[in-house]
> 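This is the structure, below, for whatever I ask next.
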Amino acid sequence: MSVHEQFAEDLALLALGSLEGDERQVLERHLQECAACRRELEALRGDMALLSLSTAGPKPPGRSRERLMAAIAREPRRASARRWWWMLAPSLAAAGLALMVVLLGRQNSGLREQIAGMQSDAAAQQVELRRAREIVSTLTTSDAMRVTLVAAKTAPQPQGKAIYVRDRSSLIFIASNLPAAPPQKAYELWLIPSSGAPIPAGVFKPDVHGSAAVVNPPLPVGVEAKAFALTIEPEAGSTTPTMPIVMLGAGE
Amino acid sequence: MSPAEPRAGLSDAALVAAIRSGKESAMAELYDRYSAVVYSVSLRVLGDTGAAEDVLQEVFLQLWRNPDLFDSSRGNLAPWLAVIARNRSIDGLRKRRPESDVEDVLLSVEPDMAGDADRAMAMTKVRTVLGGMPAAQRSALEMAYFEGLSHSEIAAKTGEPLGTVKTRIRTGLLALRKAFQT
């Protein structure tokens, strides 16, 4: 055994419990770092335990056994398995807490990442929304200057432009140079589906310049549009178009 | 002690496990196995049967209360109980509070002493080794172990140099170890 020779004799004394003072402190410090010397200490205790055997012979009186068994019977059942497990309870609780800390920490960082992702999504959406609003407001604001370019030397003609996205049921209609609607009347836009009756797509009156806009009127979902039409209807609007059709445009 | 029939009982580790789950019969079995070792070492140190009985009671009660203090991976119970009994008895002899914690006592020992015959054989061997030692060495060892004297106390008592006492104690313990190494 590779025991440090300078401690060999002190180890024997320590095993016997007779090493004191500085020598004991020095050796105990060394034992904390030296596994070989720790093993030797245990072996020396084993050797000295053998010395005990030299005394064997006398047996304890019978009453000692009764005394011990009676004492054990009186003991609270602390030595039972239950107690053993209870001794573990604080360690288990601590381990549980440590595990929870780790899990919560992970969850926390996961949530942080999610939040960061959502924040950047939200920022991107804000940008898109601002752009969309700008487009819509440019298209629909009454302050907007609307210029229709036509062939030279032609009087300005009423014009309407419908932009329709079927999958989103989204419709923007912009008109210009419309004559004012007759009293108690308004213009009504119609979506003419590929099959079936025309669907009302918004009632409006043009402004003093003859401009008008309809943005996202309520429409059934996913209707294939064949054309858009404009009629003159009572101010409240109609459910079926009243002839004649003032303007008509088919999809390109 | 007359050589007895080898005992075909449970191992020390199994009995200690049974104690852990509160089985009193396991405690009785261990007492029957080792009470003589514990009692005789206490009696040798204390020289008083009543005091030795008290130590006996205390040592086994400790085992009942804290069976986990015994580390069955390091050997058998007999030497462990013997060393604890010796340490407690020395504390009693010196009228000091128990300074040696039971937890501290880690020891490893070669021979198996669970069976009566094993123990009887080990006792014979130990006595033979001690009998073959120079008287000064044997008495230094016994003073240190059974009287709890420090090496300087032994040196003062015998008039021998400290270094000589130290060497005698260590070589004495190693001689015992060697006798059990086959």
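The structure presented is a predicted model; accordingly, all values stated were derived computationally and were not measured. What's counted below: heavy atoms across the whole structure, side chains too, no hydrogens, waters or symmetry copies.
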> For B:Leu81, is it the side chain, the backbone, both, or neither that has a heavy atom closer than 4.5 Å to a heavy atom of chain A?
neither

> For the candidates B:Arg44, B:Glu53, B:Glu153, which exhibits the highest count of non-hydrogen atom pairs separated by less than 4.5 Å from chain A?
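It is B:Glu53.
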
> Could you measure the distance from the CD1 atom of A:Ile72 to the CZ atom of B:Arg65? Nearest 0.5 Å is fine.
9.5 Å

> Rounded to the nearest 0.5 Å, what separation is found between the OG1 atom of B:Thr124 and the CG atom of A:Leu53?
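Nearest 0.5 Å value for the OG1-CG distance: 9.5 Å.
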
> Find the distance between CE (A:Met69) and CZ (B:Phe60) and round it off to the nearest 0.5 Å.
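Taking CE in A:Met69 and CZ in B:Phe60, the distance rounds to 10.5 Å.
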
> Counting heavy-atom pairs under 4.5 Å to chain B, which of A:Ala8, A:Ala15, A:Ala73 comes out on top?
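Sorted descending by pairs with chain B, the first entry is A:Ala8.
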
> Taking C-beta and beyond as the side chain, do A:Glu9 and B:Ile169 meet within less than 4.5 Å on heavy atoms?
no

> Got a second to check how far A:Ser18's OG is from B:Lys166's NZ, nearest 0.5 Å?
9.5 Å

> Please report the closest heavy-atom contact between B:Arg177 and A:Ala43, naming both atoms and the distance.
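Distance-wise, the nearest heavy atoms are NH2-CB, 3.5 Å.
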
> If you take all heavy atoms of B:Ala36 and A:Lys59, which pair is closest and at what distance?
CB-CG, 4.2 Å

> Side chain, backbone, both or neither: which part of A:Leu13 has a heavy atom under 4.5 Å from chain B?
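Contact with chain B involves the side chain of A:Leu13 alone.
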
> Between B:Val83 and A:Ala49, which heavy-atom pair has the shortest distance, and what is it?
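Heavy atoms only, the tightest pair is CG2-CB, 3.5 Å.
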
> Please check: side-chain N/O of B:Arg86 versus main-chain N/O of A:Leu16, any donor-acceptor pairing under 3.5 Å?
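Confirmed, B:Arg86 side chain pairs with A:Leu16 backbone.
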
> Taking every non-hydrogen pair under 4.5 Å, which of B:Leu56, B:Thr167, B:Thr171, B:Leu130 racks up the most with chain A?
B:Thr167

> Heavy-atom cut-off 4.5 Å, strictly under: side chain, backbone, both or neither for A:Arg63 against chain B?
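Looking at A:Arg63, just its side chain touches chain B.
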
> Is the shortest side-chain heavy-atom distance between A:Leu51 and B:Val41 below 4.5 Å?
no

> Relative to chain B, which segment of A:Glu23 carries a heavy atom at a distance below 4.5 Å: side chain, backbone, both, or neither?
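Just its side chain gets close to chain B.
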
> Do B:Asp32 and A:Arg65 come close enough that some side-chain heavy atom pair is under 4.5 Å?
yes

> How many angstroms lie between CG in A:Leu50 and NZ in B:Lys125, if you round to the nearest 0.5 Å?
10.0 Å

> Heavy-atom pairs under 4.5 Å with chain A are the metric here; pick the option from B:Leu61, B:Val37, B:Thr49 that has the most.
B:Leu61

> Is the shortest heavy-atom distance from the side chain of A:Ser54 to the side chain of B:Phe146 under 4.5 Å?
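A:Ser54 vs B:Phe146: side chains touch.
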
> Would you say that more than 12 heavy atoms from the other residues, nucleotides or ligands in this model lie under 6.0 Å from the CG of A:Asp22, or not?
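12 or below, so no.
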
> Just so I know, are the side chains of B:Leu43 and A:Thr55 near enough to count as touching, which here means a heavy-atom distance under 4.5 Å?
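B:Leu43 does not reach A:Thr55 side chain to side chain.
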
> Salt-bridged, B:Asp54 to A:Arg67, with N to O below 4.0 Å?
yes

> Heavy atoms, side chains only, cut-off 4.5 Å: are B:Leu176 and A:Met48 in contact?
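With C-beta onward as the side chain, the pair stays apart.
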
> Please report the shortest heavy-atom distance between B:Tyr39 and A:Pro58, naming the atom on each side.
CD2-O, 3.8 Å

> Tell me whether B:Met133 at atom CE has more than 12 heavy atoms from other residues, nucleotides or ligands lying less than 6.0 Å away.
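Counting neighbours around CE of B:Met133, more than 12 heavy atoms of other residues, nucleotides or ligands fall under 6.0 Å, so yes.
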
> Looking only at non-hydrogen atoms, find the nearest pair between B:Tyr31 and A:Pro60 and report the distance.
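Answer, listing the atom of B:Tyr31 first, then A:Pro60: OH-CG, 3.7 Å.
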
> List the steps and the verdict of side chain to side chain contact (heavy atoms under 4.5 Å, CB included) for A:Leu19 and B:His151.
CA-CA 8 Å; A:Leu19 193 66; B:His151 54 292; 4.3 Å; yes

